[in-house]
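A quick note: this is a predicted structure, and the numbers were derived from the prediction, not measured. Chain identifiers are assigned alphabetically (A, B, ...) following the order of the sequence lines, protein sequences preceding nucleic acid strands; residue numbering begins at 1 within each chain.
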2 protein chains.
Amino acid sequence: MSNDSLSRHFCITNSIYSTLKRRAKRESLAFVKRSPDVSKKIRLKDVADYLDLSPATVSLVLNRSPVADSIPKRTQERVFAAAKKLDYRPNLLARSLRKQRTFSVGVLVPEISEGYAAGIMRGVEHHLSQKGYFYLLASHRSKPDLLEEYLAVLKDRSVEGFILLASRIESTPELPAVAVSSHRQLEGVTNVVIDHDLAARLALQHLKDLGHERIAVFPGAPDNADAEDRWRAIRETAPRLGLEIRPELAIEITGEDYGGGFYKGGYTGAQRLMASGAPFTALFAFNDISAIGAMRAFLDAGSKIPEDVSVVGFDDIQSAAFHNPGLTTVRQPLREMGILAAKTLLERLSNGSPGPDVVTVKPELIVRGTTGTAGRAAGG
Amino acid sequence: MSNDSLSRHFCITNSIYSTLKRRAKRESLAFVKRSPDVSKKIRLKDVADYLDLSPATVSLVLNRSPVADSIPKRTQERVFAAAKKLDYRPNLLARSLRKQRTFSVGVLVPEISEGYAAGIMRGVEHHLSQKGYFYLLASHRSKPDLLEEYLAVLKDRSVEGFILLASRIESTPELPAVAVSSHRQLEGVTNVVIDHDLAARLALQHLKDLGHERIAVFPGAPDNADAEDRWRAIRETAPRLGLEIRPELAIEITGEDYGGGFYKGGYTGAQRLMASGAPFTALFAFNDISAIGAMRAFLDAGSKIPEDVSVVGFDDIQSAAFHNPGLTTVRQPLREMGILAAKTLLERLSNGSPGPDVVTVKPELIVRGTTGTAGRAAGG
DNA sequence: CTGAGCGCCTAAAACGTTTTAACGACACGA
DNA sequence: TCGTGTCGTTAAAACGTTTTAGGCGCTCAG
């Protein structure tokens, strides 16, 4: 029985087979012609039937495959015309399944923040969209397990690679990855970083020139991937400039989930600084957001900026220039860094080359109103 | 010939067919067992071969299909165990292709901004990720043709629906869509909006209580989807409160691409306002960003806030509280609006129901330091 | 008259799932 | 002995592409 049914199913003579096919072709053709708009969605096969060609031919032509070179100009034009007329749009899921390419990458950020992440993402988005890529975005709120999970889920979703912003990643992902402001070098992961030594020099030299000696710092939050290196650079640079970073003036702060972000961290950090009683005339904050939070605390405490205390930020986020006074800060070229990260990743994807270990960009000091000559030491 | 080859190809007797199959099964089984880690990527078929079951069975069990009810517990356990042991992860492209579901939506924003969009997106992301959805993000920079193009491209990428933030959309998209702060009602598009009349009343009443009569406004940028309604509400509400919005105090501003955003628009708007010579004691800005830009202009011109001029913003973005003085503003519950938008869209997707035409949320007045009793009219 | 080569096109497999219809085996009642 | 039914399982089609290997019908040289 099973033998029979199997045979019956498959062993059709060629002529019958062809006839059946022709009929099917004519029918579906008629359908398309009768109601070109009702038809749910035009597939490659619909275009092929409409032209009395095979899907293979149409695909070859539309994709400008070298194999299609031998197909006469006339036919090619017919194909293009039909595709246009029927408004054929290839099903990208099917294509991706077959070609094993999705033209999408995963972007992981600690949080969709107002400052840093938004700046980088603008660059990433710009470059990716220009190259026909899309990205899936996920925020892991600096939780290592959430980060790991998103890496896996995004891989399941067939992204071709990752861009990791300020994320503490522990091991090389299973897909090509580019990190921005990562805390350490990982085998095979290109890292786009700011030149922290230059950044520290710019900020500290500026403060020294204004006569500051007692400089407080926010070394940064432990869950922020950039913190360690930035803090190391400050510690190493200060003595070279004849400055001393006193332990009692280094205040740990944290960025919090949801709402405040680093604003609150900066605010309470500044309060603790003032409460400590240690004298200081300037603060080099971890980033603009924490600098702005700290400013609020100084002002609330009756201190004047920059008369009583100077503040230097880091990043130069959009709003930095619009605070009162305008925030003096070390600018990171965020948008460019985003573009750089995207570009590096896409090159890795097409070359297959591992790419550079590290790409360094230069910071720039933007002097605005929050820094002035050192006065009497505040807080003492 | 073709007849023959076709037959030769298909007309294998059942027994041979089975034998071949068995052999293949044993081989691939052996392969898996010999080197379970070398094998590129575990497919459903690999799990099936490992268990000497068919892919169908494994799929049925893993997906807890009702059809699998008749499969004995013992087998089901074996299937789950094998899937776990081999670390099987289904190929979502293939699944999506077959099921015609992708569990992803498209999110369109004018720009990845520091304020409004970031706030909403936080909500959107929160809800979507909780429900196992992902989103593709695109920014159209308020260009209608770019918006249209992204709608098409995202549809090509098989998103199941759209969330549109503050976007001027002209016609109902071909997929279920939810708009946030859209300018007008579109057939079949749920609109999540703030109660603009209440918002206007809160702000204007507050200013009136402080004795302000000459109140300047930024009616908003023509390319911002929210502007019209907000402006209408102000025009209608003012007379009810016994206030007059003088035409010469209504200043058109624009949000610009890249960099500045509305900061610059607010800054130059305030400059034009002052230059016009028309007296005013307060400004109700279009949003926080433009309010902050305007503040900068007032301060640069030597005006004091709020002594000379009071400023009210709109949105309550994160940084609003940290400006100096703190910005008095009409809060939109941005995160909640994002969650609401996502939730509404997902319900539409699962119900198939068209969903409500409009979902209204309530604003709240947050009084901080930029508003005070009206003094002498500035600018006059 | 044959065989090679070319021009044009296509069959069929492949990508990795889901799902429907049905199959074999066995039990049970008539 | 013959349905009838249930149980456990599966073949095969389907989703919509891309791509390889090759087919068919010519022409033209030998």
Checklist entry - Looking at the side chain of B:Leu44, which of C:dT18, D:dT9, C:dG16 is the nearest nucleotide? => result C:dT18

Item to check | Closest to the B:Ala56 side chain, choosing from C:dG16, C:dC9, D:dA11 | outcome: D:dA11

Checklist entry - Does any non-hydrogen side-chain atom of B:Phe103 lie less than 4.5 Å from one of A:Arg157? => result yes

Checklist entry - Mind checking whether B:Tyr150 and B:Phe162 have side chains closer than 4.5 Å, heavy atoms only? => result no

Next on the checklist: Taking the nucleotide of DNA chain C with the nearest heavy atom to each, does A:Val67 or B:Lys99 sit closer to the 5' end?
Outcome noted: A:Val67

Taking atom [atom2] of [N] as reference, at what distance in whole Å does atom [atom1] of [X] sit?
X: A:Arg74; N: C:dG7; atom1: CZ; atom2: C1'; result: 17 Å
X: B:Asp49; N: D:dA11; atom1: CG; atom2: P; result: 11 Å
X: A:Asp69; N: C:dC9; atom1: CG; atom2: C1'; result: 14 Å
X: B:Gln76; N: D:dC7; atom1: CD; atom2: P; result: 14 Å
X: B:Arg95; N: C:dT19; atom1: CZ; atom2: P; result: 9 Å
X: A:Leu97; N: D:dT19; atom1: CG; atom2: C1'; result: 14 Å
X: B:Lys45; N: C:dC15; atom1: NZ; atom2: C1'; result: 14 Å
X: A:Ile71; N: D:dG23; atom1: CD1; atom2: P; result: 18 Å

Contact under 4.0 Å: [X] side-chain N or O vs [N] OP1/OP2:
X: B:Ser59; N: C:dT18; value: yes
X: B:Ser70; N: D:dT6; value: no
X: B:Ser54; N: D:dT10; value: yes
X: B:Thr57; N: D:dT10; value: yes
X: B:Asn63; N: C:dT18; value: yes

Within the 4.0 Å heavy-atom criterion, would you say [X] contacts the bases, only the backbone, or no part of the nucleic acid?
X: A:Leu60; value: base
X: B:Leu93; value: nothing
X: B:Thr75; value: sugar-phosphate
X: A:Arg98; value: base

Next on the checklist: Pick the closest DNA chain D nucleotide for B:Gln100 and for A:Pro55 by heavy atoms, then say which residue is nearer the 5' end.
Outcome noted: B:Gln100

Would you find a donor on one side and an acceptor on the other, under 3.5 Å apart, between the side chain of [X] and the backbone of [Y]?
X: B:Glu160; Y: B:Arg101; value: no
X: A:Ser158; Y: A:Thr102; value: no
X: B:Ser167; Y: B:Ile169; value: no

Checklist entry - For atom CD of B:Glu170, is the number of surrounding heavy atoms from other residues, nucleotides or ligands below 6.0 Å larger than 12? => result yes

